[in-house]
2 protein chains.
Amino acid sequence: MARKSGSHSEITGPRIRTEARRLFARHGFAAVSMRQIAAAVGLQAGALYLYTPDKESLLFDLLKGHMDELLAAWAEVPAAASPPEQLEAFVRFHIRFNLERAEAVFLSYMELRNLGPDNFAAIEALRRAYENELESILRAGQAEGCFALPDTKLATLAIIAMLTGVNTWFREGGRFSRAAVEQIYWDMVRKAVAA
Amino acid sequence: MARKSGSHSEITGPRIRTEARRLFARHGFAAVSMRQIAAAVGLQAGALYLYTPDKESLLFDLLKGHMDELLAAWAEVPAAASPPEQLEAFVRFHIRFNLERAEAVFLSYMELRNLGPDNFAAIEALRRAYENELESILRAGQAEGCFALPDTKLATLAIIAMLTGVNTWFREGGRFSRAAVEQIYWDMVRKAVAA
DNA sequence: GTCTATAGAAAGATAGAC
DNA sequence: GTCTATCTTTCTATAGAC
């Protein structure tokens, strides 16, 4: 039988992060108080400071954790034989992963401005590392002549913006399944980069 | 000679909106206090309430004004002869207009969640009206057989997300002029929708 | 039209009891 | 590991002088 109160450090930390992510994504970092987060977890506000030195660090941990997981998950995707196949894998991976973590994605794009300079730079570096993954695919395809792009960096940013936009409208049980969305977006990307 | 103090209602209102837009875009609605806005204009906090009933109304006026101007500006663009030409006009218009009003665009995408239900619905309706402008172009091209799209609504959202993404990276004096950016993005859109 | 002053609520963070 | 209590600051919004 579980204790009604006492020590729960192993479970409380993750629950704080989960509730903070949910609340920050829904209302915005600045609009959410430490008291609201504590209440969602079932704690008093002071107890949060056992798990984070301050509010900004809590946000940073969420963003850093998300970017680390994003890069690790992409690293797990097996390499394909040709740039077009690699690009298809990236498009499908990006849509799938981002839909699974909509709240974290939203935070990572919207709440960067609430970080101090050092924390901001750390997240930016990870974001650029992810963009570079796509850009190397585009560069390889460009070199082989299967893609025709005026600028690979701009194409990278354009494609990522387009794919991430799925998160703003996709709803479970809507007109399209995730698989259908992947297919439709892949069709558009494939044509947009084609030689 | 201008008075040092006294009545300035005709100039103070616009200045409040300009400074509020700048501060909200930079730090986020919830993170900016009425005192900060007043200080940026050169007023005391209480004086702001001569111009807005509360903080949320100030935000709503900014978003509503932006959407109205966006729709009005698009209405001024002369109609082109064919769907591809219309689409090119839309792409160039969207990039140009959004780069000219980067702060307002940022607000309109990020701070909707700080509006109450009625204000939220009003802005959403205007956003959908703008999306419908693009979708009718895509539908017309689809009907004429010059575009090939699995779904015009999804293509609408994908294209707008891609174009609006320019605002996240474009900097004056960077590698590309505005005209060059318009051209590169139009090339990608043109190919993505082509039959 | 703007200011000073302030009411009243809520914020982030800390101290010490248990 | 968590709670209660509190310090200190800051917030939105209002009242009344000028």
Side-chain angles (χ1 to χ4, degrees), chain A residues 1-63 107 111 113-116 118-119, chain B residues 1-24 26-63 107 111 113-116 119:
Chain A
M1 183 103 170
R3 286 168 295 180
K4 275 189 172 170
S5 69
S7 301
H8 299 284
S9 78
E10 281 159 20
I11 197 164
T12 302
R15 289 191 58 210
I16 290 171
R17 281 188 288 277
T18 298
E19 295 299 331
R21 179 165 42 236
R22 194 176 59 81
L23 288 165
F24 289 162
R26 188 164 304 180
H27 306 290
F29 173 75
V32 174
S33 70
M34 295 298 266
R35 282 172 177 80
Q36 279 178 270
I37 299 167
V41 180
L43 294 174
Q44 293 301 314
L48 296 179
Y49 292 88
L50 272 293
Y51 297 90
T52 183
D54 52 38
K55 195 184 173 192
E56 184 193 323
S57 298
L58 179 51
L59 175 63
F60 177 72
D61 285 348
L62 293 174
L63 301 191
L107 280 186
E111 302 296 357
R113 60 188 169 183
N114 289 297
L115 298 178
D118 290 355
N119 284 344
Chain B
M1 184 103 168
R3 286 168 294 180
K4 273 190 174 169
S5 69
S7 303
H8 299 284
S9 77
E10 282 159 20
I11 195 162
T12 301
R15 288 192 59 211
I16 289 172
R17 281 188 287 277
T18 298
E19 295 299 332
R21 179 165 41 235
R22 193 176 60 80
L23 287 166
F24 289 162
R26 188 164 305 180
H27 306 290
F29 173 76
V32 173
S33 70
M34 295 298 266
R35 281 175 177 80
Q36 280 177 272
I37 298 168
V41 180
L43 294 174
Q44 293 301 313
L48 296 179
Y49 292 88
L50 271 293
Y51 297 90
T52 183
D54 52 39
K55 195 184 171 191
E56 184 193 322
S57 298
L58 179 52
L59 174 64
F60 177 72
D61 285 348
L62 293 174
L63 301 192
L107 280 186
E111 302 295 358
R113 60 187 170 186
N114 289 297
L115 298 177
N119 284 343

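Throughout, a chain's letter reflects where its sequence line sits, starting with A, and its residues are numbered from 1. Being a predicted model, the structure only gives us computed values, none of them experimental. Heavy-atom basis, side chains included; hydrogens, waters and symmetry copies ignored.
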Colleague: Using atom types as modelled, flag every donor-acceptor pair under 3.5 Å from a side chain in residues 39-51 of chain B to any protein atom, sequence neighbours excluded.
Modeller:
none

Colleague: Which residues in residues 18-26 of chain A have at least one heavy atom lying under 4.0 Å from any atom of DNA chain D?
Modeller: none
Colleague: Please state how far atom CG in A/L59 lies from atom C1' in C/dG12, giving the value in whole angstrom units.
Modeller: 15 Å
Colleague: Check the phosphate of D/dT2 against A/T12, side-chain N and O only, distance under 4.0 Å to OP1 or OP2. Yes or no?
Modeller: yes
Colleague: With sequence neighbours excluded, what pairs up with A/N119 under the side-chain hydrogen bond (donor to acceptor under 3.5 Å, both in side chains) test?
Modeller: A/E56
Colleague: Among residues 39-56 of chain B, which contact DNA chain D at a heavy-atom distance under 4.0 Å?
Modeller: B/G46, B/Y49, B/D54, B/K55
Colleague: According to salt bridge (charged side-chain N to carboxylate O under 4.0 Å, His left out), does anything in residues 18-47 of chain A pair up with another residue at least two apart or in another chain? List the pairs.
Modeller: A/E19-A/R22
Colleague: Whole angstroms only, please: what is the CZ-P distance between A/R35 and D/dC7?
Modeller: 14 Å
Colleague: Could you tell me which non-hydrogen atom of A/A20 sits nearest to which non-hydrogen atom of A/L58, and how far apart they are?
Modeller: CB-CD2, 3.9 Å
Colleague: Check this one for me: any side-chain N or O of A/S33 less than 4.0 Å away from OP1 or OP2 of C/dA10?
Modeller: no
Colleague: Distance check needed: D/dT2 P versus A/E10 CD, whole Å only.
Modeller: 11 Å
Colleague: Rounded to whole angstrom units, what separation is found between the CG atom of B/L58 and the P atom of D/dA13?
Modeller: 10 Å
Colleague: Where is the tightest heavy-atom contact between A/V32 and A/L23, given as atom of each residue plus distance?
Modeller: CG2-O, 3.4 Å
Colleague: Going from CD1 on A/I11 to CD1 on A/I16, what distance comes out if it is rounded to the nearest 0.5 angstrom?
Modeller: 11.5 Å
Colleague: Tell me: CZ of A/R15 to P of D/dG1, nearest whole Å?
Modeller: 15 Å
Colleague: Holding to side-chain hydrogen bond (donor to acceptor under 3.5 Å, both in side chains), I want the full list of residues that pass it with B/T18, two or more places apart in sequence or in another chain.
Modeller: none
Colleague: So, using side chain to side chain contact (heavy atoms under 4.5 Å, CB included) as the criterion, who are the partners of B/N114 when residues are at least two apart?
Modeller: B/F29, B/L59, B/E111
